[in-house]
Amino acid sequence: MAEARAKSVPVVLLGGGHAHVEVVRRLGELGLGAQITLVSPSRHAPYSGMLPGHISGEYSFDDFHIDLAALCARSGMTFVETTATVIDPEQRVVWLASGESLGYGLLSIDIGSTPSLPEGTSSGISVKPIASFADRLARLEALAGEGGLSTLAVVGQGVAGVEVAFALKRRWEGRGISIVLVGRAAEPIPERSRWARRLLEREMHKAGIAHLPAFDVEAFRDGVLVARDGQTLAVDEVVWTTSSGAPAFLSATGLQLDEKGFICVDDTLRSLSHPDVFAAGDVASLPDPRPKAGVFAVRQGPVLAGNIHRSLSQDRLRPYFPQSSWLVLISLSDGRAIADKWGLAIAGRWVDRWKHRIDSRFMRRYR
Ligand SMILES: Cc1cc2nc3c(=O)[nH]c(=O)nc-3n(C[C@H](O)[C@H](O)[C@H](O)COP(=O)(O)OP(=O)(O)OC[C@H]3O[C@@H](n4cnc5c(N)ncnc54)[C@H](O)[C@@H]3O)c2cc1C
């Protein structure tokens with residue numbers, strides 16, 4: 001009876017994020033594919049851990065993208081290539097940019113986060129959404145090729161910002177393009193250990209990447225970055241890697257959101273306001289919050305898949321326990337990387353090989 005119900009409830013998965021690819025794989029293996037639809041604006045889902053390697057020229061587009069259409073086909077699921085624009089959790093309907101709608105019995109949302117640029121700023125190049133960054137990288141490359149790029153600012157001192165700075169430096173080696181990392185904190189990667197920061201500062205110095213700390217960017221106008229305290233920096237272009245915001249359309253859904261607009265979930269990843277809605281990855285606001293990082297989305301995948309299955313079978317859901325300490329691997333784009341965990345950090349070639357093995361293993365699972 002429970003098994004029959006499990007196979008009759010329509011399930012909609014919004015977004016082909018790091019958690020949902022595992023949900024597709026696992027629920028497909030359980031033979032639940034026929035009732036599941038995955039919606040994503042692009043059939044190619046990027047794996048962010050390998051983006052710096054793509055920028056530096058190490059990985060091709062295919063190396064760091066999962067083909068969602070092929071993954072769904074293998075799992076017996078329907079793939080719809082479009083964006084969700086409206087969720088009506090009372091009517092249990094999702095409206096799509098294509099004009100169609102999808103009714104659901106169970107909805108799971110893994111649509112990531114959006115770039116948060118200074119208010120009113122539309123110039124510069126945002127790393128997010130990563131899915132379309134390859135196009136923007138081509139624009140940046142064209143600018144560099146035309147000689148229109150002598151100084152580039154990477155705004156954002158998190159791991160994404162420093163990796164992008166190293167990767168661009170590597171990409172344009174010997175072409176006389178200066179790169180400056182800009183942010184409001186006093187040091188790069190303020191959220192990581194002191195040891196990792198010291199190592200990173202040394203590597204930035206060696207690589208010739210400048211750092212402009214305590215620069216809280218307010219705007220980028222006419223080739224000038226302006227800080228809140230009036231400081232200015234003239235640059236030819238800006239790459240934004242600043243911290244993540246919530247997808248705006250969620251505010252009209254009636255789902256319970258936190259103060260930043262992310263979906264509040266309990267420890268089973270189920271919406272606090274709507275028990276037939278799950279959320280995972282950056283878009284979810286956990287009871288015990290963690291930074292917005294792919295490592296959490298990846299770990300949530302198996303728990304989310306299990307809980308969707310249990311929810312369909314009306315079984316008791318299992319909790320997700322976020323790691324209290326997690327490994328961060330920072331690519332230096334020269335064949336080396338920095339590993340940081342438990343307040344200890346180390347740099348080396350073997351760290352980069354280790355990162356490559358972890359990333360490749362993740363990608364192989366969905367090929
Ligand atoms: C340069 C860079 C490097 C990074 N490196 C690391 C790293 O090494 N380790 C780490 O842990 N984190 C890293 N991160 C952070 C990481 O990218 C995110 O935390 C991670 O991608 C979040 O995964 P997710 O599953 O929440 O969403 P995402 O992977 O962002 O996927 C969301 C998906 O949903 C789709 N989508 C969006 N809106 C809609 C909609 N309305 N309808 C349907 N589909 C939609 C998107 O197209 C996308 O495919 C990095 C980030 C950047 C920018």
Side-chain angles (χ1 to χ4, degrees), residues 12-23 37-56 64-68 79-87 94-98 102 107-116 125-133 137 154 156 158-168 189 191-192 239-244 246-250 253 262-263 269 279-286 290-301 304 323 326-331 333 337-340 355 358-359 362:
V12 173
L13 306 177
L14 283 193
H18 293 51
H20 270 177
V21 288
E22 183 62 9
V23 171
T37 302
L38 173 71
V39 178
S40 174
S42 163
R43 72 178 282 171
H44 301 290
Y47 174 52
S48 56
M50 291 168 83
L51 176 68
H54 175 66
I55 295 173
S56 68
F64 86 111
H65 281 86
I66 297 165
D67 184 340
L68 296 174
F79 175 67
V80 180
E81 190 167 347
T82 185
T83 306
T85 51
V86 175
I87 300 171
V94 176
W95 290 91
L96 308 173
S98 59
L102 286 172
L107 175 68
S108 180
I109 306 173
D110 177 21
I111 56 174
S113 47
T114 57
S116 64
I125 289 176
S126 174
V127 167
K128 287 207 157 205
I130 297 176
S132 50
F133 182 67
L137 182 61
V154 176
V159 172
V162 300
E163 284 198 316
V164 167
F166 276 100
L168 288 171
I189 51 167
E191 72 285 9
R192 300 308 306 170
V239 174
W240 303 100
T241 67
T242 33
S243 57
S244 318
F249 80 99
L250 291 176
T253 58
F262 296 103
I263 302 169
L269 304 175
D282 283 5
V283 80
S285 177
L286 303 170
R290 290 291 184 276
K292 302 291 181 201
V295 61
F296 299 105
V298 168
R299 289 285 187 98
Q300 287 163 11
L304 180 62
Q323 310 96 289
W326 56 96
L327 172 70
V328 169
L329 297 168
I330 304 169
S331 168
S333 288
I338 295 175
D340 180 33
K355 175 169 167 43
I358 294 174
D359 292 342
F362 179 84

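Every value quoted in this text rests on a predicted model; they were computed, and no experiment measured them. Counting starts at 1 for both ligands and their atoms, in listed order. Because only heavy atoms are used, hydrogens play no part in the values below, and waters and symmetry mates are left out as well, while side chains stay in.
For Lys128, the salt bridge (charged side-chain N to carboxylate O under 4.0 Å, His left out) test picks out Asp282, with sequence neighbours left out.
A donor-acceptor pair under 3.5 Å is absent between the side-chain atoms of Lys355 and the main chain of Met50, judged by distance alone. Between the side chain of His18 and the backbone N or O of Val298, no donor-acceptor pair lies under 3.5 Å. Looking at Arg192, its side chain never comes within 3.5 Å of a backbone N or O of Val159 through a donor-acceptor pair. Using a distance-only test at 3.5 Å, with no hydrogens or angles considered, a donor-acceptor pair links the side chain of Asp110 to the main chain of Ala19.
Counting heavy atoms from C-beta outward, Leu137 and Ile125 have side chains that stay 4.5 Å or more apart.
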Distances for all N or O pairs of ligand 1 and the protein under 3.5 Å?
| residue | atom | partner | partner atom | Å |
| --- | --- | --- | --- | --- |
| ligand 1 | 11 (O) | Gly294 | N | 2.9 |
| ligand 1 | 11 (O) | Val295 | N | 2.8 |
| ligand 1 | 12 (N) | Gly294 | N | 2.9 |
| ligand 1 | 17 (O) | Ser48 | OG | 2.9 |
| ligand 1 | 19 (O) | Asp282 | OD1 | 2.9 |
| ligand 1 | 19 (O) | Asp282 | OD2 | 3.2 |
| ligand 1 | 19 (O) | Ala293 | N | 3.4 |
| ligand 1 | 19 (O) | Gly294 | N | 2.9 |
| ligand 1 | 23 (O) | His18 | ND1 | 3.4 |
| ligand 1 | 25 (O) | His18 | N | 2.8 |
| ligand 1 | 25 (O) | Asp110 | OD1 | 2.7 |
| ligand 1 | 25 (O) | Asp110 | OD2 | 3.4 |
| ligand 1 | 26 (O) | Asp110 | OD1 | 3.4 |
| ligand 1 | 26 (O) | Asp282 | N | 2.7 |
| ligand 1 | 29 (O) | His18 | ND1 | 2.7 |
| ligand 1 | 41 (N) | Ala84 | O | 3.0 |
| ligand 1 | 42 (N) | Ala84 | N | 3.0 |

